[in-house]
K.L.:
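Please find one structure pasted underneath; my questions will follow.
Here is the naming used below: chain letters follow the sequence lines, and residue numbers restart at 1 for every chain.
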There are 2 protein chains.
Amino acid sequence: MIDKNSPVPIYYQIEEAIKSQIINGVLQPGDALPSEREYTEQYNISRMTVRQAISNLVHAGYLYRQKGRGTFVSKQKIEKNLQGLTSFSEDMRARGMKPGNRLVGFEIIPAPSSIAAKLKIEEHTPIYEIKRIRLADEKPMAYERTYIPANLVKGLTEEHIKGSLYDYLEDTLHLVIESATHEIESALANEFEMKMLEVPENSSILLIKRQTFLQDGTPLEVVESSYRSDRYKFMTHMIRN
Amino acid sequence: MIDKNSPVPIYYQIEEAIKSQIINGVLQPGDALPSEREYTEQYNISRMTVRQAISNLVHAGYLYRQKGRGTFVSKQKIEKNLQGLTSFSEDMRARGMKPGNRLVGFEIIPAPSSIAAKLKIEEHTPIYEIKRIRLADEKPMAYERTYIPANLVKGLTEEHIKGSLYDYLEDTLHLVIESATHEIESALANEFEMKMLEVPENSSILLIKRQTFLQDGTPLEVVESSYRSDRYKFMTHMIRN
DNA sequence: ACTTAGAAGATGTCTAGACAAGTAATAGAT
DNA sequence: ATCTATTACTTGTCTAGACATCTTCTAAGT
């Protein structure tokens, strides 16, 4: 079960063992876990190591702890942050749809002041402007404008955009994408959006403005998207402080 | 600086000391923190205690760690999960507005099947149905229906709802509200919503469907809200896995 | 000047306790 | 039967190391 000679950290092996007991129904929602001391004795490991495994599972939402009482399996089925930050393609795939793209525009432009402020660069600094119609199952889902600092993402080409931009950023450039903020509004589709999204007059759209950040907090991109309201709803998960 | 005789845990005191150095500009974004060993020596505490403080700040988004290199101040200014799960009143206050309420309806009804499924109770089980116009600075912001299992929240009265429902749940009933899911859509206001929200024909609205969960994963409430799109945008923060 | 190897310094993982503070169960007294 | 005190058990906090693995710097060799 726990292999002390494995390169996989012991705490991680414990995590996976507990998680699979939960997923396989051996541990039911509301069940008490064995105590930390019991794990310590069973696996002959330090209690702090057990605590690290359990803390990670508490953080992930599988377990909750109550001082003096014990540790219990959460009734809530979703893993916290499972619905995390994804690329458009990842999002569509998660919804069982086939993602696609129609590139409308791709150029380097001087950053207008509002975008520059969000990207924390000087106005007029060169940025990539990427305009796309986002498809799901071959039909328009969203119209999207993406702005990325040119000096941060060197060598970006149309080929990268046709594939997965996030794959290029993460796998080739080794950028660590950490988080994003979203502002979500409702509006009526304008003439342009009606045409791009193929929706009739007086259609409402979901406007999503997103800012993505790297691990060290550097802003990576600003994305402004107009989604068809008949085909898309935004889903998120929030934790109370 | 660090008071070992204080009831406040040492790791928490370290956290607060580092946090205030960041907030006061003593530590700048991108700056390296002193090493764990340096804190250990400076405060004459265990390195594991230092690690706990730093881990909490990493988790909160103030710092990031790189193995072999050190720990650095994040450039990103917002605290992760700062924009966490709030009540309506908390949300409005955070936006600098004065929250208010017009109670439209409050009764116990048998749970319809779709609500029962979300609350994980049997159809027809008694639930509270609370209908409110949500005000901000005395003007309508949202129309909202809330559904709460009656056996989970005993003794709920109109007085509680006129005040802060979350205060009653947390402070009086000691329920630990942990998280929520949101589904956000865009739509056109119907006749009823136009009247409640005082918006003209062909106004778009932001539809937010929320499910709130307690610490142990028990569903607490289902909330369906229609927000004025001219006065409200939804803001959230997501982390990449 | 450039390259390589070793040392120094950083975080990551883990040990084996100890005491603090909360909850639950049990035993004894009324 | 009920109440109170004690004991047992739980998580929370902390200690004082040790070794693993990564990065960076320095010194030596070419």
K.L.:
Mind checking B:R51 for me? I need base, sugar-phosphate or nothing, with any heavy atom below 4.0 Å counting as a touch.
P.N.:
base

K.L.:
Please state how far atom CG in A:N5 lies from atom C1' in C:dT13, giving the value in whole angstrom units.
P.N.:
15 Å

K.L.:
Counting heavy atoms from C-beta on, name the nucleotide in C:dT15, D:dT15, C:dT11 closest to the side chain of B:K67.
P.N.:
C:dT11

K.L.:
Looking just at side-chain N and O atoms, do A:Y168 and A:E159 make a donor-acceptor pair shorter than 3.5 Å?
P.N.:
no

K.L.:
Nearest whole angstrom, please: distance from the C1' of C:dC19 to the NZ of B:K4.
P.N.:
14 Å

K.L.:
Report yes if at least one side-chain N or O of A:Y11 is closer than 4.0 Å to OP1 or OP2 of C:dT13; otherwise report no.
P.N.:
yes

K.L.:
As a test of reading the structure: which of C:dT11, D:dT10, C:dC14 is closest to the side chain of A:E38, going by heavy atoms?
P.N.:
D:dT10

K.L.:
Output the rounded distance in Å from OH (B:Y39) to P (C:dA10).
P.N.:
13 Å

K.L.:
Test for a donor-acceptor pair under 3.5 Å between the base of C:dG9 and the side chain of B:R69, counting only N and O atoms.
P.N.:
no

K.L.:
Is A:R47 close enough to C:dT15 that one of its side-chain N or O atoms is under 4.0 Å from OP1 or OP2 there?
P.N.:
no

K.L.:
OH of A:Y64 versus P of D:dT11: gap in Å, rounded?
P.N.:
13 Å

K.L.:
Rounded to the Å, how far apart are A:E15 CD and C:dC14 P?
P.N.:
11 Å

K.L.:
Between B:E41 (CD) and D:dT15 (P), how many Å, whole number?
P.N.:
14 Å

K.L.:
To the nearest Å, give me how far apart CD (A:E36) and C1' (C:dT23) are.
P.N.:
15 Å

K.L.:
So, is B:T49 close to the D:dT15 phosphate, meaning a side-chain N or O under 4.0 Å from OP1 or OP2?
P.N.:
yes

K.L.:
Quick one: on DNA chain C, does B:T71 or A:S46 contact a more 5' nucleotide (nearest heavy atom)?
P.N.:
B:T71

K.L.:
Under a plain distance cut-off of 3.5 Å, with no hydrogens placed, do A:S55 and A:R65 share a side-chain donor-acceptor pair?
P.N.:
yes

K.L.:
With a 4.0 Å cut-off on N to O distance, would you call B:E16 and B:K19 a salt bridge?
P.N.:
yes

K.L.:
Indicate yes or no: does A:R47 engage A:E36 in a salt bridge with an N to O separation below 4.0 Å.
P.N.:
yes

K.L.:
Atom CG of A:D3 to atom P of C:dC14: distance rounded to whole Å?
P.N.:
12 Å

K.L.:
Taking for each residue the nucleotide of DNA chain D with the nearest heavy atom, is it A:G70 or A:M48 whose nucleotide lies nearer the 5' end?
P.N.:
A:G70

K.L.:
Strictly by modelled atom types, are B:E221 and B:Y166 linked by a side-chain donor-acceptor pair under 3.5 Å?
P.N.:
yes

K.L.:
Considering just the side-chain nitrogens and oxygens of A:Q66, establish if one lies under 4.0 Å of OP1 or OP2 belonging to D:dT10.
P.N.:
no

